[in-house]
Amino acid sequence: MLVVPGPRSPLLAERLARELGCPTVPVEDKRFPDGEVYVRVSKPVKGEDVVVVQTTWPNDALITLLLLEDAVRRLGPRTVSVVVPYFAYARQDRVFHEGESVSAEAMLALLAARADRVVSVDMHRPATLKTVGVDTLNVSAVPAIAEHFRARQPHVVLAPDKNALDRAQLAANILGAEVDHLVKKRVAPDVVDIQPHELDVAHKRVLIIDDIISTGGTMVRATQELKRQGAKTVSAACTHGLFAPGALDKLHAAGLEQIVATDTIEGPASAVTVAAEVAKALKGRV
Ligand code: R5P
């Protein structure tokens with residue numbers, strides 16, 4: 001097996017190769033003067049099971065991954081597995097308004113066209129993966145995130161909404177904590193109240209788990225309300241830390257004890273790696 005590290009996921013690719021006990025293949029990546037992407041896989045991969053690792057955010061990273069897949073295919077590997085740690089465009093997973101694209105399915109179809117297998121991590125709606133004809137896998141980052149918080153022993157794990165309860169439930173089971181979800185209620189035309197569905201958080205250490213933090217708005221509002229209700233500490237964790245400009249500052253200012261993301265997007269908050277979970281999933285398939 002060989003790992004091809006995409007330029008947006010170098011750390012995770014190295015960690016994954018270590019977990020799989022296999023080498024990485026050097027990749028040359030540059031831009032033409034007009035901004036077009038150039039990639040070259042600079043070692044032979046003929047007859048090998050090749051794992052290409054690249055998050056598809058921002059947009060150029062998607063083009064880079066498509067070109068890497070094509071480059072690898074042309075070198076005659078046995079199989080190509082594409083690990084897309086953060087699958088961008090996954091949130092538009094249905095037609096919300098007539099005339100829209102289902103971007104999650106459109107992007108997946110592009111990636112699957114040159115792959116034998118597509119692996120992602122905490123895909124926004126895992127059912128999207130069933131829309132292509134190749135082997136697909138959705139890996140959960142929650143066990144790794146929960147382990148990170150084990151020493152802190154949160155009393156309560158909260159999901160930001162009811163739909164995300166499964167993820168919070170899994171973390172709560174691992175941590176032996178209570179679980180609940182937040183409910184958003186519009187109390188005035190311009191005021192949204194956000195609070196736990198059932199649990200009293202007073203004097204408790206609370207961990208909120210989401211799949212994505214983007215602007216940080218959801219976490220900031222939840223943190224402010226939980227603190228108002230007397231929570232002892234509030235920490236925020238997500239799988240994919242997109243952190244739009246200013247988001248981390250806003251989150252720190254809200255008084256969060258910890259802000260933790262994984263290495264599906266490599267950044268300053270990526271304190272948890274998903275390498276072991278992805279390696280485990282691949283070992284059972286390739
Ligand atoms: C929404 O569907 C996602 O699960 C996250 O809750 C959302 O992307 C968080 O966004 P923000 O950080 O901008 O509030």
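Order of listing sets the numbers, starting from 1, for every ligand and every atom in it. Keep in mind that what you see is a predicted model, and the values were worked out from it rather than measured.
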Which pairs of nitrogen or oxygen atoms, taken one from ligand 1 and one from the protein, are under 3.5 angstrom apart?
unit_1, atom_1, unit_2, atom_2, d
ligand 1, 4 (O), Asp210, OD1, 3.2
ligand 1, 4 (O), Asp211, OD1, 2.6
ligand 1, 6 (O), Asp210, OD1, 3.4
ligand 1, 6 (O), Asp210, OD2, 2.6
ligand 1, 8 (O), Arg91, NH1, 3.1
ligand 1, 12 (O), Ser214, N, 2.8
ligand 1, 12 (O), Thr215, N, 3.2
ligand 1, 12 (O), Gly216, N, 2.8
ligand 1, 13 (O), Thr215, N, 2.9
ligand 1, 13 (O), Thr215, OG1, 2.5
ligand 1, 14 (O), Thr218, N, 2.9
ligand 1, 14 (O), Thr218, OG1, 2.5

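- A side-chain donor-acceptor contact under 3.5 Å links Lys227 to the backbone of Gly255.
- Looking only at distances, a side-chain donor or acceptor of Ser270 sits under 3.5 Å from a matching main-chain atom of Thr262.
- With contacts defined as side-chain heavy-atom distances shorter than 4.5 Å, the pair Leu129/Leu137 does not qualify.
- Between His240 and Tyr86, the angle of the ring planes lies from 30° to 60°, which puts this pair in the tilted group.
- Proximity of a side-chain donor or acceptor of Thr239 to a complementary backbone N or O of Asp122 within less than 3.5 Å is not detected.
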Acceptor/donor pairs from residues 27-41 side chains to any protein atom, 3.5 angstrom cut, sequence neighbours excluded:
unit_1, atom_1, unit_2, atom_2, d
Arg31, NE, Asp60, OD2, 3.3
Arg31, NH2, Asp60, OD2, 3.4
Asp34, OD1, Glu36, N, 3.0

